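Quick one: this structure, given as C-alpha cells, is what I'll be asking you about.
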Amino acid sequence: MSEHETSTSTPSNFIRQMIDEDIAANKNNGKVATRFPPEPNGYLHIGHAKSICLNFGIGEDYKGTCNLRFDDTNPHKEKLEFVESIQKDVRWLGFDWGKQHYFASDYFEQLYDFAVQLIQKGKAYVCDLNAEEMREYRGTLTEPGKDSPYRERSIVENLELFAKMRAGEFEDGTKVLRAKIDMTSPNINLRDPTIYRIRHGVVHHQTGESWVIYPMYDYTHCLSDSIEGITHSICTLEFEDHRPLYDWFLDTLETASHPQQIEFSRLSLQYTITSKRKLTSLVDDGHVASWDDPRMPTIAGMRRRGYPPEAIRDFCSRIGVTKSENTVEMGVLENCVREALNEHAPRRMAVLNPLKVVIENYPEGQVEQLQVANHPQDESMGKREIPMSREIFIDKDDFLEVAPNKKFKRLTLGGEVRLRNGYVIRCDEMINNDNGDLIELRCSYDPATLGANPEGRKVKGVIHWVSAEHGIKAEVRVYDRLFNHPTPDSAKDGQEYTVHLNPESMAILQDCVLEPALACAKQGDRFQFEREGYFCKDPAVSATGLPVFNRTVSLRDSWAKIEKEAAKSA
RNA sequence: UGGGGCGUCGCCAAGCGGUAAGGCACUGGGUUUUGAUCUCAGCAUGCGCAGGUUCGAAUCCUGCCGCCCCAGCCA
C-alpha cells in the first residue's frame, strides 16, 4: 500500500460468520476465493468502495484470493476508459489483485459451449418472440406466464438455430436463446429467462467484432464464478431473487464448482446519489465538470478532493455489512477523513478572504523568520520557516469593530489577539475607502509576546495570518454538498433528482494568500490550513494562472454552531 | 394482490435464550498559541406492534403492521 496505513481491524459481519462456518466444516477444503465484478460502464463510487473493501478484505484476511473481473457482457454501454479508471481506483484504494485479473469476455467461447450443452439437455431453446411479445407471455407479478410457441423446438433445430445466431444470420432482436425453466414460477426470474441476445455492429472493447451474440448477466455471472473457482460470490440485495437462477445454471450444467451467492445491502449516503445512470447524466449534462469533479461521490472525485484512501477504507469498516436498508450520514465519512488528515496532514497558514493589516510599530523593512512546527502533536513532522513583516493579511471574518458577545475571541477595535505562531497585536484604527468599506487595519504589536504570554493580561483569541510581501496568491475552491436534499435519489414526487442540485456546491475564492512554504506543494499534497480545514493541491491551474487548492473538508467548528444558535434566538 | 428481503437510540451497528457492545451525532466539564486536536462524563428498564412458550425473550412460536426489491433482448 502506497499511502499511510492506519491499522483498523475489520469488524466481523454476517458474511464473515458464514465463511467461518464454511471453514469449520471444511467446505471448499477451507479455501476462500472472492471477486469484485464491476461492469465497465462508469466510474467507481463510494458504494463500490464498500464492495471492494468487503471482497478484497475477505480475500486478504482469510489468506485467500480476490479476483478483479470485469462483467463486460453489454458492449453497448461499456468503454475501455472505464476499465482503466476502475483499475486505477481499486489500486488507489489500496488493493491488489495480483495476477487475478479477468474479463467475463475471456469466457465467451466456454459460455457458448455451455449454452450448447444446455440445448442438448433440452434445457434451452431459441425463441422468435420479439421483446414486446415476450413481455406479454411473461405474465405479471400475480399471474403466471404462458409457454412460448417456440418452447418445444427440437434439440436439433435449436442447435442449428443457435449456431446461425452466432454466425450472424439473424437480425438484432429477431431471436434469443432462452433457458427452459418454468413459465408459471412465482419468481419471475425463472420464467424462461433470456441467456443470449443478438447485437450486430458493436465493437466490444475486449473482443472487437468477433461476436454478434452476447450472454446475459444471470447466465454469465454464475458460470464465470464457477470457472474461476470462486467460493463466495458476494453481491447486493436486489440479486437475491436471482439466486435460484444462479443455482439452476450451475446445477443443470453440473459444473465442477458451485460457488455460494451471498447478498448484502448496498450503501446509501445522505446528500449524494450512487445510481450509475444518474452519475453518468451529471457528467454528460454538465452539472459537474467530470467524473473526477471533487463534488462527485466517485472514488476519482474523492481522490481529487483530497480524501485519503485509508479514510475511505475506515469508513467502509465503520458502516458495517448487513442486509438492512441503510442511509449513512455524511458526518461519518467526514469524520473518517478528518481523523486521517488530522494525524497526517502538515499544518500551514492560508488567508482565504484577505484583510490588510499594518503593524505600525514593527520596524519598516524588518523580516523575521519564525520557526514553526508542522504538526502540533507530532514533532517528527519537523519545522518550517514563516516570514513575519510589517504588513500582513488576516481573514476578514477574524475582525469585527465591536464584539457581538462575550464569547467572541477574535480581533476588535481596541482589542488584542494572538497571531498564530507569532506576536500579540492590538487593533488601533480602521481604514475605510470612499464607499465606507473597511480596507485596512492599523495595529501595534507587543515585541515581548513571541512564544510568551503577555504581562498582566490574558489574550484569548488566536488568528492565522500571512506576510503580505511574502505570501503567494492562489485560488481556493470550497465545496459544499452537491445536493441539498438528504435523499436526492428517492424522487417519490416524480421530480427529477436534478431539482435537488445545490447551486452553491462550489465557491471559488480567487484572492487567497498562502504562506510561502506552500509554493512547493505538489498536486495531490494534503495540508491543514489552520483554523480553516483540510486542503489538497489540485492538478488544475486557475484561469489567471494561479495554483488551485480544493477544500477537502472543513475543521469541526463549534463556533459556527454557537453563531447559528445565536442567530436562531435573535 | 404472487415471490423475495428487512425492521435494536437521530444515523450506522453488535447481539445467536442468562437480563441492551461500539462508532458517528448530540449535551456538559478539563487541557490547549488552531473556537482544531486530545481528554473526562452523560446519552435505549428498551429491541416495529400484540399475544404466547420459559425461572428468564431483542433472541423461540403465532398473528398483525410498516418499508424495500422483482414483470430488460441492463447489470
Side-chain angles (χ1 to χ4, degrees), chain A residues 11-13 17 37-39 41 71-74 76-77 127 129-131 134-136 138-145 172-178 185-191 193-199 213-214 216-218 220-221 235-244 263 265 267 270 276-277 317-336 338-339 342-343 347 349 375-377 407-410 417-422 424 449 451-453 459-464 486 528-533 554-563:
Chain A
S12 189
N13 55 54
Q17 286 179 11
E39 185 190 12
N41 66 346
D71 228 327
D72 56 348
T73 56
N74 187 3
H76 199 74
K77 291 186 175 174
C127 183
L129 255 26
N130 64 34
M134 215 188 282
R135 197 178 319 121
E136 283 162 16
R138 189 154 35 229
T140 67
L141 294 179
T142 51
E143 304 157 48
D172 284 16
T174 57
K175 282 181 171 50
V176 294
L177 184 70
R178 290 227 256 172
S185 172
N187 181 346
I188 289 189
N189 295 300
L190 263 22
R191 319 240 262 230
T194 299
I195 59 183
Y196 268 91
R197 73 289 212 186
I198 301 170
R199 289 285 177 273
I213 56 171
Y214 289 94
M216 300 284 290
Y217 165 84
D218 284 309
T220 307
H221 203 83
C235 63
T236 43
L237 244 33
E238 67 272 25
F239 293 105
E240 205 148 17
D241 287 343
H242 296 237
R243 194 169 64 223
E263 310 84 9
S265 56
L267 164 71
Q270 280 196 345
K276 254 197 208 172
R277 200 207 100 224
S317 82
R318 288 193 204 195
I319 58 174
V321 177
T322 67
K323 296 187 73 152
S324 34
E325 295 291 325
N326 61 86
T327 304
V328 178
E329 290 174 346
M330 262 298 186
V332 181
L333 214 206
E334 289 180 343
N335 179 69
C336 292
R338 288 195 184 103
E339 219 168 87
N342 175 52
E343 196 180 337
R347 312 286 123 123
M349 289 203 285
H375 193 291
Q377 281 90 29
K407 284 181 173 172
F408 190 80
K409 303 200 298 190
R410 305 175 187 183
V417 279
R418 157 85 57 190
L419 293 179
R420 172 73 170 152
N421 300 128
V424 170
T449 55
N453 284 323
V459 175
K460 269 226 137 177
V462 179
I463 64 172
H464 56 98
Q528 184 194 101
F529 292 176
E530 289 197 80
R531 301 211 313 132
E532 291 287 357
S554 67
L555 252 28
R556 197 179 272 116
D557 188 354
S558 54
W559 172 245
K561 263 181 221 160
I562 293 168
E563 278 185 313

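Residue numbering restarts at 1 for every chain, and letters A, B, ... go by the order of the sequence lines. The shown structure was predicted, so the numbers you read here are calculated from the model rather than taken from an experiment.
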Next on the checklist: So A:Asn421, base contact, sugar-phosphate only, or nothing? Heavy-atom distance under 4.0 Å.
Outcome noted: base

Next on the checklist: At 4.0 Å (heavy atoms only), tell me whether A:Val176 reaches a base, stays on the sugar-phosphate, or touches nothing.
Outcome noted: base

Checklist entry - For atom C1', what is the distance between B:rU8 and B:rA58, given to the nearest Å? => result 7 Å

Next on the checklist: Please name the nucleotide paired to B:rU34 by Watson-Crick or G-U wobble geometry with both distances under 3.5 Å, or report none.
Outcome noted: none

Next on the checklist: Measuring only between side-chain heavy atoms, which start at C-beta, is A:Asn189 closer than 4.5 Å to A:Asn187?
Outcome noted: yes

Next on the checklist: By nearest heavy atom, map A:Gly173 and A:Gly451 onto RNA chain B; which one lands nearer the 5' end?
Outcome noted: A:Gly451

Next on the checklist: Taking the minimum atom-to-atom distance to the side chain of A:Gln377, which one of B:rU34, B:rC73, B:rA36 wins?
Outcome noted: B:rA36

Item to check | Watson-Crick/G-U partner (both atom distances under 3.5 Å) of B:rC67 | outcome: B:rG5

Checklist entry - Taking A:Arg138 for the side chain and A:Arg191 for the main chain, is one N or O donor matched with an acceptor at less than 3.5 Å? => result no

Checklist entry - Which part of the nucleic acid, if any, lies within reach of A:His464 when heavy atoms closer than 4.0 Å are counted: base, sugar-phosphate only, or nothing? => result nothing

Item to check | Pairwise P distance for B:rU1 and B:rC65, with rounding to whole Å | outcome: 9 Å

Checklist entry - Which value, in whole Å, describes the distance between the C1' atoms of nucleotides B:rG15 and B:rG3? => result 30 Å

Checklist entry - Which part of the nucleic acid, if any, lies within reach of A:Asn41 when heavy atoms closer than 4.0 Å are counted: base, sugar-phosphate only, or nothing? => result nothing

Next on the checklist: I'd like to know if A:Glu325 reaches the base of B:rG5 with its side chain such that a donor and an acceptor end up less than 3.5 angstrom apart.
Outcome noted: no

Checklist entry - Of all the choices, B:rC73, B:rG35, B:rA36, which nucleotide is nearest to the side chain of A:Pro376 once you look at every atom? => result B:rA36

Next on the checklist: For a quick test of reading the model: is some side-chain N or O of A:Gln17 closer than 4.0 Å to OP1 or OP2 of B:rG15?
Outcome noted: yes

Item to check | Audit row: A:Arg531, A:Ile463, side chain to side chain contact (heavy atoms under 4.5 Å, CB included) steps and yes/no | outcome: CA-CA 8 Å; A:Arg531 301 211 313 132; A:Ile463 64 172; 3.6 Å; yes

Checklist entry - Base, sugar-phosphate, or nothing for A:Gly422, non-hydrogen atoms under 4.0 angstrom? => result base

Item to check | Nucleotide opposite B:rU62 in a Watson-Crick or G-U pair, distances under 3.5 Å | outcome: B:rA50

Checklist entry - Given atom CE of A:Met216 and atom P of B:rC74, what is their separation to the nearest angstrom? => result 5 Å

Next on the checklist: Does A:Arg243 reach a base, just sugar-phosphate, or nothing at all? Heavy atoms under 4.0 Å.
Outcome noted: nothing

Checklist entry - In whole angstrom, what separates A:Leu141's CG from B:rA71's P? => result 8 Å

Next on the checklist: Applying a 4.0 Å non-hydrogen cut-off, can you work out what A:Thr73 is touching in the nucleic acid: base, sugar-phosphate, or nothing?
Outcome noted: sugar-phosphate

Checklist outcome for this item: Between CZ of A:Arg338 and P of B:rC38 the distance, given in whole Å, is 12 Å

Item to check | Base orientation of B:rG72, syn vs anti, 90° cut from 0 | outcome: syn

Next on the checklist: Which is more 5' along RNA chain B, the nucleotide nearest A:Asn335 or the one nearest A:Thr174? Just name the residue.
Outcome noted: A:Asn335

Checklist entry - Below 4.5 Å, heavy atoms only, C-beta onward: do A:Met349 and A:Phe529 meet side chain to side chain? => result no

Next on the checklist: In whole Å, measure the gap between the C1' atoms of B:rG17 and B:rG22 for me.
Outcome noted: 23 Å

Checklist entry - Below 4.0 angstrom from OP1 or OP2 of B:rA13, is there any side-chain N or O of A:Arg318? => result no

Checklist entry - Is a side-chain N or O of A:Thr194 found less than 3.5 angstrom from the main chain of A:Tyr196, in a donor-acceptor match? => result no

Checklist entry - Which nucleotide, B:rA13, B:rU33, B:rA71, lies nearest any side-chain atom of A:Arg135? => result B:rA71

Next on the checklist: Just to be sure I understand the rule, does A:Thr140 reach a base, reach only the sugar-phosphate, or reach nothing, if contact means heavy atoms closer than 4.0 Å?
Outcome noted: base

Checklist entry - Would you say a side-chain N or O of A:Arg199 is under 4.0 Å from OP1 or OP2 of B:rC74? => result yes

Checklist entry - With sugar-phosphate meaning primed atoms plus P, OP1 and OP2, does A:Gln528 contact a base, only sugar-phosphate, or nothing at under 4.0 Å between heavy atoms? => result base

Checklist entry - So which nucleotide from B:rC73, B:rC69, B:rU34 ends up closest to the side chain of A:Asp241? => result B:rC69

Checklist entry - Touch check for A:Ser265, heavy atoms < 4.0 angstrom, all strands: base, sugar-phosphate only, or nothing? => result nothing

Next on the checklist: Just N and O in the side chain of A:Arg138: are any of them under 4.0 Å from OP1 or OP2 of B:rG72?
Outcome noted: yes

Checklist entry - If we take the P atom in both B:rU53 and B:rU19, what is their distance in whole Å? => result 23 Å

Next on the checklist: Roughly how many Å apart are B:rU59 and B:rG46, using the P atom of each and rounding to a whole number?
Outcome noted: 15 Å

Checklist entry - Can you name the side chain to side chain contact (heavy atoms under 4.5 Å, CB included) partners of A:Ile198, sequence neighbours left out? => result A:Met165, A:Phe170, A:Asp172, A:Thr174, A:Lys175, A:His200, A:Ile213

Checklist entry - Are any of A:Lys561's side-chain N or O atoms less than 4.0 Å away from OP1 or OP2 of B:rC26? => result yes

Item to check | Under 3.5 Å on both distances, the Watson-Crick or G-U partner of B:rU45 | outcome: none

Checklist entry - A:Asn41 versus A:Arg277: any side-chain heavy-atom pair under 4.5 Å? => result no

Checklist entry - Given B:rA13, is OP1 or OP2 found less than 4.0 Å from the side-chain N or O atoms of A:Thr322? => result yes

Checklist entry - In whole Å, what is the span from the CG atom of A:Leu190 to the C1' atom of B:rG72? => result 17 Å

Checklist entry - Which one, B:rC6, B:rC11, B:rC69, comes nearest to the side chain of A:Lys323? => result B:rC6

Next on the checklist: Between A:Ser558 and B:rA36, is there a contact of a side-chain N or O with OP1 or OP2 at under 4.0 Å?
Outcome noted: yes

Checklist entry - Can A:Trp559 be classed as stacking with the base of B:rG35, given a centroid separation cut-off of 5.5 Å and a plane angle cut-off of 30°? => result yes

Next on the checklist: Regarding A:Phe239, tell me which of base, sugar-phosphate or nothing describes its non-hydrogen contacts under 4.0 Å with the strands shown.
Outcome noted: base

Next on the checklist: Distance check needed: B:rC11 C1' versus A:Gln270 CD, whole Å only.
Outcome noted: 7 Å

Next on the checklist: In this structure, how many angstroms lie between the P atom of B:rC6 and the CD atom of A:Glu238, rounded?
Outcome noted: 15 Å

Next on the checklist: Checking base pairs now: Watson-Crick or wobble, both atom distances under 3.5 Å. What partners B:rG10?
Outcome noted: B:rC24

Item to check | B:rA44 to B:rG2 separation - C1' atoms, rounded to the nearest Å | outcome: 38 Å

Checklist entry - Any luck finding a side-chain donor-acceptor pair between A:Ser265 and A:Asn326 under 3.5 Å? => result yes

Checklist entry - At under 4.0 Å between heavy atoms, what does A:Ile195 touch on the DNA or RNA strands: base, sugar-phosphate, or nothing? => result nothing

Checklist entry - A:Thr449 side chain to A:Ala452 main-chain N or O, any donor-acceptor pair under 3.5 Å? => result no

Checklist entry - Does A:Arg410 make a side-chain donor-acceptor contact with the base of B:rG35, cut-off 3.5 Å? => result yes

Next on the checklist: Without decimals, in angstroms, what is the distance between A:His76 NE2 and B:rA75 P?
Outcome noted: 12 Å

Item to check | Member of A:Gln528, A:Glu343, A:Arg347 meeting the side-chain hydrogen bond (donor to acceptor under 3.5 Å, both in side chains) criterion with A:His375 | outcome: A:Arg347

Next on the checklist: OP1 or OP2 of B:rA75 versus the side-chain N and O atoms of A:Arg197: is any pair under 4.0 Å?
Outcome noted: yes

Checklist outcome for this item: To the nearest angstrom, the CZ-C1' distance between A:Arg418 and B:rU32 comes to 13 Å

